[in-house]
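Below, read A as the first sequence line, B as the second, and so on, with proteins coming before strands; counting in each chain starts at 1. This is a predicted model, so every value here is computed, not measured.
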2 protein chains.
Amino acid sequence: MSAGRRTAPPEKALTRQAEDYLKCIYEIEQGGAPAATTDIAEQLGIAAASVSGMLQRLARLGLVSVERYRGARLTAPGRAVALQLLRRHRIIESFLVTKLGYGWDDVHEEAERLEHAASAELIDRMAEALGNPTTDPHGAPIPTAAGRVDERRLASIADLPIGARARVVRMSDRDPEFLRYLAKRGIVPGATVRVAAREPFDGPITLTVGRAKQAVGAAAAAAVYVDGAAREPRTGKV
Amino acid sequence: MSAGRRTAPPEKALTRQAEDYLKCIYEIEQGGAPAATTDIAEQLGIAAASVSGMLQRLARLGLVSVERYRGARLTAPGRAVALQLLRRHRIIESFLVTKLGYGWDDVHEEAERLEHAASAELIDRMAEALGNPTTDPHGAPIPTAAGRVDERRLASIADLPIGARARVVRMSDRDPEFLRYLAKRGIVPGATVRVAAREPFDGPITLTVGRAKQAVGAAAAAAVYVDGAAREPRTGKV
DNA sequence: GAAATAAGTTAGTACGTACTAACTTATGGT
DNA sequence: ACCATAAGTTAGTACGTACTAACTTATTTC
């Protein structure tokens with residue numbers, strides 16, 4: 001982990017697994033803190049011990065910096081890899097939905113595999129065929145080929161006060177069931193929702209979507225992001 | 001969704017490498033004889049010793065039958081895997097050329113990676129978007145989803161007698177340079193060529209393509225296949 | 001602040017996939 | 001038939017990536 005040594009920038013073909021770790025760490029780090037071993041392990045569905053080992057390897061490759069017993073952060077090269085993967089993932093999802101008739105609830109897994117096999121050229125061609133979109137079907141921003149991306153943290157429905165009206169811009173793409181649940185209730189990117197009521201103690205939130213009223217759980221509400229105020233008072237760092 | 005079991009039941013997710021071996025063995029076997037260790041090694045660019053080891057593993061999985069010191073043949077399940085890969089490869093190549101503007105000389109490598117990551121559903125959707133083509137951009141027949149394919153052996157230009165006229169139907173897709181060379185001379189699937197002259201001892205063959213005359217080497221001529229008589233008198237097995 | 005608990009690490013193991021070196025078997029020339 | 005060479009195999013090694021078990025460090029709770 002000590003700096004020094006050259007660490008070769010030339011990107012010598014990472015394994016699928018290494019790439020998955022980097023993407024996972026990136027996503028966890030978006031929460032603000034370094035990625036904890038346990039969180040990575042849970043996210044990837046592997047044992048914590050395996051994560052410890054892999055983090056050392058990634059550190060040896062100069063892709064993460066690890067503070068023992070504290071967690072891992074991406075280095076600049078590691079971050080670049082993660083952003084490329086994110087770009088690939090989101091363009092592939094967009095392409096599958098727009099050009100091949102996939103449902104938005106059904107593309108995550110396919111993209112998860114393809115993102116490791118697609119060349120930069122393929123991704124760029126797909127992006128061009130789509131008109132270089134800036135968000136994927138779930139509203140997630142697509143990093144540019146150069147690795148720039150809007151990382152502002154969005155408020156979720158769970159953060160909205162009663163009476164607030166907001167435009168849905170994004171939701172988690174992990175769970176097809178969840179996405180179908182949302183779609184069936186009209187909760188899709190672009191829709192407008194109003195908070196009609198909310199129960200205390202993380203109770204259900206009642207939304208007005210179109211002219212229908214929906215009660216959704218707090219966990220679901222926290223996974224749907226809306227336009228407007230950032231979730232935390234810290235200034236959004238782009 | 002898709003109905004009943006046809007071949008081996010479980011299909012427990014082969015590695016990329018195992019899949020590559022199977023495809024490679026299939027291709028070598030098309031020559032008629034079992035796939036020799038050395039041939040596989042050369043084709044895949046690995047050491048012969050590594051092939052010996054892998055063949056034992058594939059045999060243990062019931063995908064190939066190996067006769068010691070003699071070579072390997074695919075079993076029915078192994079053949080099914082290979083044909084699926086071939087289908088994937090060729091549909092992906094077709095899709096890249098037709099829908100994403102790739103050159104026909106430039107798709108092999110990309111397909112080589114994607115074929116291991118694409119789901120059956122993706123392949124079927126791509127095939128449908130293309131109108132379920134029966135051959136890829138290099139004229140290679142595309143196996144059906146059920147694993148049927150035309151395996152007739154074609155005559156190559158090298159097999160044609162002087163004066164013969166034939167329609168080009170297929171060529172090897174391995175080498176982009178080679179494909180560009182052929183295209184530049186009008187030798188593409190569908191073109192008609194006539195053998196104007198041929199030198200003995202595997203010397204160059206002079207072809208008439210359109211109104212131009214071209215002299216091509218024997219090796220190149222042997223990698224371009226034409227309609228008509230099978231290369232060998234054995235009955236074509238489909 | 002010490003014990004209980006959670007989080008993280010190391011050690012040892014296993015498997016896939018590659019390698020080289022050394023040995024064995026098959027083949028072809030005389 | 002015999003030997004030289006080619007082809008193939010085994011043995012031993014290495015690395016990536018996972019695992020469990022046992023240990024260490026950090027955090028929480030009284």
Consider the side chain of [X], meaning its heavy atoms from C-beta on, and name the nucleotide among [options] that approaches it most closely.
X     : options                : result
A:A47 : C:dA18, D:dT9, D:dT20  : D:dT20
B:T15 : C:dG16, D:dA26, D:dC19 : C:dG16
B:Y69 : D:dC19, C:dA26, C:dT17 : C:dA26
A:I46 : D:dT9, D:dC19, C:dT17  : D:dC19

OP1 or OP2 of [N] sitting under 4.0 Å from any side-chain N/O of [X]?
X     : N      : value
B:R68 : D:dT9  : no
A:S50 : D:dT17 : no
B:S52 : D:dT10 : no
A:Q56 : C:dT9  : no
A:Y21 : D:dA18 : yes
B:R70 : C:dT27 : yes

Rounded to the Å, how far apart are [X] [atom1] and [N] [atom2]?
X     : N      : atom1 : atom2 : value
B:L44 : C:dA18 : CG    : P     : 8 Å
B:L55 : C:dG16 : CG    : P     : 15 Å
B:R60 : C:dG16 : CZ    : C1'   : 10 Å
A:R16 : C:dT17 : CZ    : C1'   : 18 Å
B:R57 : C:dA18 : CZ    : P     : 8 Å
A:L22 : D:dT17 : CG    : P     : 11 Å
B:I40 : C:dT17 : CD1   : P     : 14 Å
B:E67 : C:dT25 : CD    : P     : 15 Å

Rounded distance [0.5 Å steps], [atom1] in [X] versus [atom2] in [Y]:
X      : Y      : atom1 : atom2 : value
B:D105 : B:D173 : CG    : CG    : 11.0 Å
B:S172 : B:E27  : OG    : CD    : 9.0 Å
B:L96  : B:I91  : CG    : CD1   : 12.0 Å

**Prompt:** When the nearest nucleotide of DNA chain D is assigned to A:V51 and to B:T37 on a heavy-atom basis, which residue is associated with the more 5' position?
**Reply:**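 The 5'-side residue here is B:T37.
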**Message:** Using the rule side chain to side chain donor-acceptor pair (under 3.5 Å), only one of B:D124, B:D136, B:T144 pairs with B:R87; which is it?
**Reply:** B:D124
**Request:** Check every strand shown and say whether B:A36 touches a base, only sugar-phosphate, or nothing at a heavy-atom separation below 4.0 Å.
**Result:** sugar-phosphate
**Item:** Check ion pair A:K23-A:E115 (N to O, under 4.0 angstrom)
**Value:** yes
